[in-house]
Amino acid sequence: MLVTWKYRPRNTFIQRLDPRTRLLFFFCVIFGLTLPDIWDYRVILPLFAMSLTLYLLARIEWKDVKRVWLFIFVLVFMIVGLNALLSGRGGPASVTNTASPVVFEVLGIDVTIAKIWFALTQVVRMITMTLLAIPIPYTMDPNIYGTAFRKLGSSDKVSFTMDLAFRFLPTFARDFTITMDSQRARGYELEKVKGGIASRLRKLAPLIIPVVMQSTVTGEEVIDAMDLRAFGTNPRTWIKADDLRYKFADYIMLGLALILLVGGFVLRFGLGIGEFFIPDFFTNLFL
Amino acid sequence: MPEKPLVIDSLTFKYKTRPELALEDVSLELKQGELLLIAGSSGCGKTTLARCINGLIPRSYRGERSGKVLLHGREVADMPIPEMAQVVGTLLQDPERQIVASNVFNEIAFGPENLGLPRGEIISRVDQALSRLKLEYLRERETFNLSGGEKQKVALAGVLTMNPSILLLDEPLASLDPASAHEALEVFRSLADEGKTVILVEHRVEDAIEAKPDRLLYMEEGRIKYLGPITDLPKEIDHTQVKLPAPWVVRRVKAQGATVKEPPKPPVQERGDPLVVFEDVSFRYDSDLPFILENVNLKIFPGDLIAVLGPNGAGKSTLVKHAIGLLKPTSGRVLVEGQDTRKLSVAQIARTLGYVFQSPTHMLYAPTVQEELEFGPKNLAYDPMLIPKFVNESLSTVNLNGFAEYPPLGLSFGQQKRTTIAAVLAMRSKILIMDEPTAGQDFANYTHFMNTMCDVSEDAQSVLSANFAATLFITHDLDLAVTYANRALLFGDRRIIADGKPQDVLKDEELLLKYRVRPTSLLRLNLSLLPQTGRFLPAESLAAYAP
Amino acid sequence: MNNSSTWEFGTRQVVYGAIGAALYGVLSWASNFVPLPAAGNVTFRPAVAVLIFFGVAYGPWVGFLAGFIGNTLGDAISGWGFFWNWSVGNGLMGLVAGLVAAQIKDFRAQGDIVKAVIYGIVGVAVGMLFASFTEMITSGIDFNTALVGYFVPAFIGNAVVTVILVPILMIAFAAVASRRGR
Ligand SMILES: Nc1ncnc2c1ncn2[C@@H]1O[C@H](COP(=O)(O)OP(=O)(O)OP(=O)(O)O)[C@@H](O)[C@H]1O
Ligand SMILES: Nc1ncnc2c1ncn2[C@@H]1O[C@H](COP(=O)(O)OP(=O)(O)OP(=O)(O)O)[C@@H](O)[C@H]1O
Ligand SMILES: [Mg+2]
Ligand SMILES: [Mg+2]
């Protein structure tokens with residue numbers, strides 16, 4: 001078992017963007033959509049198109065994300081979609097408005113036109129956000145996270161924690177593999193562990209304890225190594241910081257992000273657009 | 001007039017959590033450009049002394065300190081950390097644990113970054129350090145994928161970028177193959193020649209002597225036992241405590257007029273049915289990775305005591321993991337007692353073949369040593385009536401009687417290592433495989449342990465012959481192969497280069513060097529005396545034959 | 001383990017925050033491969049015990065960073081993307097557990113273990129409440145779905161893991177700490 005980064009360098013529009021731009025853009029879209037509680041398909045559809053475009057621009061290979069999408073679809077359709085369909089709650093109150101005509105009935109629950117439309121909207125709205133979330137590990141260089149966070153204003157120490165965590169991840173993955181092998185060589189078989197939940201969890205101790213305890217010992221040495229190289233005594237220079245520079249495309253994207261964030265609020269609270277709304281064509285389908 | 005780089009005056013230290021003194025009345029002065037070797041058995045206070053010099057004591061470790069430590073005339077305890085970090089550069093034992101960045105460039109730049117130096121200055125310092133150690137080719141690499149030796153050099157480069165005038169190296173040679181260790185020592189020497197004061201902590205005195213230290217400091221129980229030129233060493237230091245070059249041991253034994261031990265009987269080579277067979281084994285970790293093993297053929301017979309030698313990263317561990325079925329061949333097959341490992345689970349193989357991993361910390365988990373040792377036999381569903389007997393026998397074998405109720409995680413490194421071996425012994429397998437059984441332990445400890453295991457001394461009952469039909473160990477210490485093995489394997493270039501009696505395999509110096517094994521003084525002496533002795537012997541026993 | 005102040009943030013916290021995060025990330029990712037017990041729609045993620053333990057042993061900052069960064073890393077290497085609210089929820093889990101750190105004197109003592117487990121469970125509750133209920137905003141699910149679909153299974157799974165594994169980790173740590181003692 002070897003940890004491999006999902007990241008692959010590709011010369012794409014997305015990867016040429018500054019990582020800060022990408023993080024800020026991500027948060028602006030999510031907050032612009034969720035905080036003002038936007039449920040209007042006329043707003044969501046263009047955003048969905050935008051997210052999809054950006055996702056495709058990242059040129060992630062389908063085989064890499066197949067499993068993830070499968071999981072997300074199951075989650076979205078089963079938990080979220082089905083629940084919305086049946087209960088209709090969680091979104092705007094108007095969904096549960098009983099005035100909406102009932103299309104059919106399951107388990108004694110009325111499924112109304114409003115609920116069906118709400119479920120559809122909700123699935124698209126979630127996937128809009130997921131499309132932005134999924135590419136991040138595939139397209140952002142793990143070496144740059146710390147620097148990016150630093151330049152977004154987090155402290156030297158917090159930013160370096162990020163870098164250090166990336167540094168130790170493969171080491172601990174290897175330690176874990178070795179521990180697993182050592183215990184198997186002593187006849188330990190995870191597959192054969194039986195009993196109730198509690199005893200099965202307890203039988204994971206031979207795998208977890210060595211890795212965790214070794215890491216606590218490692219920590220003391222790392223602290224010494226960092227203290228001896230003057231960590232945390234001065235404001236740090238981040239050698240990669242100059243590699244992060246906003247370019248023209250970044251300004252465009254940041255501008256767009258700002259428009260989306262502010263736009264969400266203005267639409268909803270200024271112009272009163274963006275509330276849940278069932279288009280006539282949809283209602284007509286059932287009448 | 002610059003002051004002496006380092007002056008230590010009647011330094012005494014006690015850790016807060018320990019009743020005994022860790023250092024007692026240590027005094028020492030070092031000149032610019034001097035290379036000092038510090039040796040002594042495990043726990044004698046070497047690392048504690050190093051921590052006093054680099055200021056971690058009294059900053060990070062609590063305790064009572066008295067006396068003085070002056071760096072260029074200034075008390076280390078009063079220096080601000082950034083300044084101190086630019087005077088003393090410290091290289092810790094395990095580079096894996098002191099590298100803090102994911103890639104080489106960032107790792108080397110880490111110190112100057114912390115000092116807040118301007119970017120241009122940092123880059124030029126990094127490039128200087130890289131070219132000083134001839135590491136330019138590593139500049140863009142990930143630190144995780146480096147070999148042990150490369151990690152060590154990168155860590156050193158990271159220290160050099162701080163431009164320290166004193167270099168403190170705490171056991172930097174552990175787990176390097178002999179050639180890499182030699183290269184590292186040459187670098188240390190040249191740094192001293194450039195005017196840096198170098199302090200090298202290392203209990204492998206014989207290897208460290210290659211760096212031509214000006215003086216040696218030998219410690220016992222926190223006190224200085226000897227401080228002086230290297231040449232007087234044979235008189236002053238006990239060769240059973242520290243590994244000395246073989247001719248010195250011979251001289252010492254002769255001078256003492258000690259009764260020379262009767263050399264043990266040569267182990268017999270019985271040839272029965274092979275226990276383990278490798279048939280044309282090729283292996284790679286993944287289809288897009290290169291082959292590590294190519295058409296390897298190997299038979300392990302009852303009575304074999306095999307030492308496996310070879311460079312870092314050659315694939316020695318990969319090879320032996322096939323024997324216990326942790327890895328299955330990409331092509332070819334491995335048979336354990338006639339059965340294909342593909343058809344057996346690791347647990348099934350564990351009944352015949354015990355495998356001791358290199359690092360004890362990777363497997364110890366139980367609250368007591370007793371439970372740790374019961375783990376294997378219980379997993380293998382042995383008769384519960386027999387398990388206590390197996391456990392007790394293994395405990396006394398590794399000399400851990402009385403430790404049954406101790407938590408293994410609270411033991412010292414050497415004791416932990418012996419616990420892991422006992423844990424495998426308790427499984428009563430027929431074949432024992434050990435990956436670097438002596439790494440990170442001091443000389444006295446590991447010779448004791450190897451002697452008990454392999455029965456080189458006459459008085460001990462051999463654990464191996466009593467319990468195991470065959471044994472194989474991987475090592476970077478050529479002398480282990482010389483002293484204990486009756487068969488040596490040289491592994492390199494994806495295959496077994498040489499296989500046979502140690503006398504035959506190890507006599508070809510050129511071949512050894514090609515595979516990064518450096519002939520030791522013990523090997524040389526043994527080879528020259530071979531006509532008289534007829535086989536390889538430990539240094540002490542050679543005294544009887546040497547002129 | 002002399003926590004001079006609960007909220008101190010120095011090299012020690014940086015290092016253990018990072019180490020906790022890397023471990024939490026690796027172990028969460030490893031649960032993709034290791035067969036783990038499950039009951040109904042509750043799956044158990046033993047890695048959570050490690051996170052709670054890091055909070056208990058090294059304080060709230062370490063707990064928070066280990067949870068936040070660790071969950072982000074775990075998601076990243078599994079390829080799930082970046083789900084910020086679950087990362088924050090995991091961070092809170094470690095943070096709340098970390099509030100007990102200053103009170104833990106002896107990792108072997110029953111009283112201290114019980115205290116740690118209680119804080120751990122409260123942490124699990126707080127963290128999972130945050131994550132589940134932010135799902136109400138981001139996915140627009142209703143309160144019931146958040147409660148039944150997300151919170152309850154996550155809470156039960158993590159609380160059970162905490163109760164069973166955290167004491168084991170603490171006892172093992174007591175032995176390690178006795179050897180290191182700084
Ligand atoms: N952090 C610590 N807290 C308490 N005691 C310690 C600490 N570090 C070391 N000691 C103890 O101080 C003594 C000297 O230890 P030190 O690590 O200096 O030995 P060493 O010569 O470096 O040994 P080794 O060769 O095993 O590295 C030992 O008894 C050890 O157990
Ligand atoms: N799990 C793994 N996945 C991919 N490559 C691996 C894995 N384990 C080891 N390797 C690679 O296989 C090669 C052989 O490794 P191995 O550990 O067998 O060497 P070794 O001879 O035991 O070295 P050392 O003396 O340093 O212990 C190395 O290049 C190593 O990087
Ligand atoms: Mg030491
Ligand atoms: Mg190896």
Side-chain angles (χ1 to χ4, degrees), chain A residues 2-3 142-143 146-147 156 160 163-164 166-171 174-189 191-192 205-214 217-242, chain B residues 54 56 59-60 80-82 85-86 88-90 92 94 96-103 105-106 109-119 122-123 143-144 158-159 162 285-286 321 324 326 345-347 350-351 354-355 357 359 361-366 375-376 379-380 409 423-424 427:
Chain A
L2 213 61
V3 177
N143 281 317
T147 311
D156 273 352
F160 194 77
D163 272 354
L164 201 58
F166 275 98
R167 147 75 181 91
F168 277 109
L169 195 98
T171 306
R174 193 193 47 205
D175 286 351
F176 182 73
T177 319
I178 298 177
T179 295
M180 192 120 115
D181 284 351
S182 321
Q183 307 302 31
R184 285 171 66 203
R186 293 205 281 164
Y188 173 83
E189 284 174 296
E191 302 76 13
K192 291 218 181 122
L207 289 187
I208 296 179
I209 289 182
V211 185
V212 174
M213 294 309 138
Q214 191 176 23
V217 176
T218 297
E220 302 292 339
E221 262 171 62
V222 178
I223 293 171
D224 285 353
M226 286 174 56
D227 280 343
L228 288 173
R229 287 202 275 161
F231 179 76
T233 51
N234 291 48
R236 251 181 136 248
T237 308
W238 289 74
I239 195 86
K240 288 228 169 83
D242 286 11
Chain B
N54 63 26
L56 286 176
R59 281 194 188 77
S60 308
I81 295 181
Q86 292 180 79
V88 188
T90 311
L92 304 174
D94 186 356
E96 177 65 41
R97 311 289 168 199
Q98 80 166 312
I99 286 180
V100 295
S102 302
N103 65 61
F105 186 87
N106 279 54
F110 179 73
E113 279 185 312
N114 291 335
L115 296 175
L117 298 178
R119 180 182 155 91
I122 297 179
I123 294 177
T143 47
F144 177 69
V159 170
M162 304 289 272
Y285 279 98
D286 199 21
K321 278 184 190 161
I324 189 159
L326 284 170
S345 73
V346 176
R351 290 167 162 271
Y355 188 106
F357 278 71
S359 162
T361 40
H362 280 129
M363 70 176 240
L364 297 176
Y365 83 97
F375 182 68
N379 282 331
L380 299 180
L409 289 164
V424 173
M427 289 160 58

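In what follows, chains are A, B, ... by sequence order, proteins preceding strands, each numbered from 1.
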Non-hydrogen atoms of chain A under 4.5 Å away: do they reach the side chain of [X], the backbone, both or neither?
X: B:N106; value: side chain
X: B:Y285; value: neither
X: B:M427; value: side chain

- Proximal component of A:V222, with respect to chain B [non-hydrogen, under 4.5 Å]: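 Answer is both: backbone and side chain atoms of A:V222 are under 4.5 Å from chain B.
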- Please look at A:D163 and chain B and tell me whether the side chain, the backbone, both or neither of the residue comes under 4.5 angstrom of a heavy atom of that chain.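 For A:D163, backbone heavy atoms alone lie under 4.5 Å from chain B.
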Practice prompt. Specify whether A:F231 and B:F110 have parallel, tilted or perpendicular ring planes, treating 30° as the upper limit for parallel and 60° as the lower limit for perpendicular.
Written response: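 Because their plane-to-plane angle is under 30°, the rings of A:F231 and B:F110 count as parallel.
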Query raised in the report: Atom OH in B:Y365, atom CD in A:Q183: separation rounded to 0.5 Å?
Result: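 These two atoms lie 7.0 Å from each other.
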**Q.** Reported CD-to-NZ distance for the pair B:E113 and A:K240, which is rounded to 0.5 angstrom
**A.**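 Spacing of CD (B:E113) from NZ (A:K240) equals 8.5 Å.
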#### Entry: side-chain hydrogen bond (donor to acceptor under 3.5 Å, both in side chains) involving A:T171 - partner list, sequence neighbours excluded
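Result, side-chain hydrogen bond (donor to acceptor under 3.5 Å, both in side chains) vs A:T171: A:R167, B:E96.
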Practice task
Could you check B:R59 against A:D227 for salt bridge (charged side-chain N to carboxylate O under 4.0 Å, His left out), going step by step and ending with a plain yes or no?
Solution key: CA-CA 10 Å; B:R59 281 194 188 77; A:D227 280 343; over 6 Å; no
For [X] against [Y], the heavy-atom pair lying closest together:
X: A:L207; Y: A:M180; result: CD2-CA, 3.8 Å
X: A:D156; Y: A:R236; result: OD2-N, 2.8 Å
X: A:S182; Y: B:F357; result: CA-CE1, 3.3 Å
X: B:L92; Y: A:D224; result: CD1-CB, 4.4 Å

For chain A, which candidate among [options] shows the most heavy-atom pairs at distances under 4.5 Å?
options: B:G116, B:A350, B:A109; value: B:G116
options: B:T361, B:V100, B:N379, B:N114; value: B:N114
options: B:I122, B:L117, B:I99; value: B:I99
options: B:S359, B:G89, B:P112, B:A101; value: B:A101
options: B:I123, B:L380, B:I324, B:L115; value: B:L115

Requested in this report: Apply side-chain contact (heavy atoms from CB on, under 4.5 Å) to B:N54 and list each qualifying residue two or more places apart in sequence or on a separate chain.
Outcome: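 Listed in chain order: A:L228, B:R51, B:L56, B:V88, B:T90, B:L168.
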Among [options], who wins on heavy-atom pairs under 4.5 Å with chain B?
options: A:F166, A:W238, A:Y188; result: A:Y188
options: A:T233, A:I239, A:L164; result: A:I239
options: A:A241, A:P210, A:G232; result: A:P210
options: A:A185, A:A205, A:P206, A:A230; result: A:P206
options: A:Q214, A:M226, A:E189, A:M213; result: A:Q214

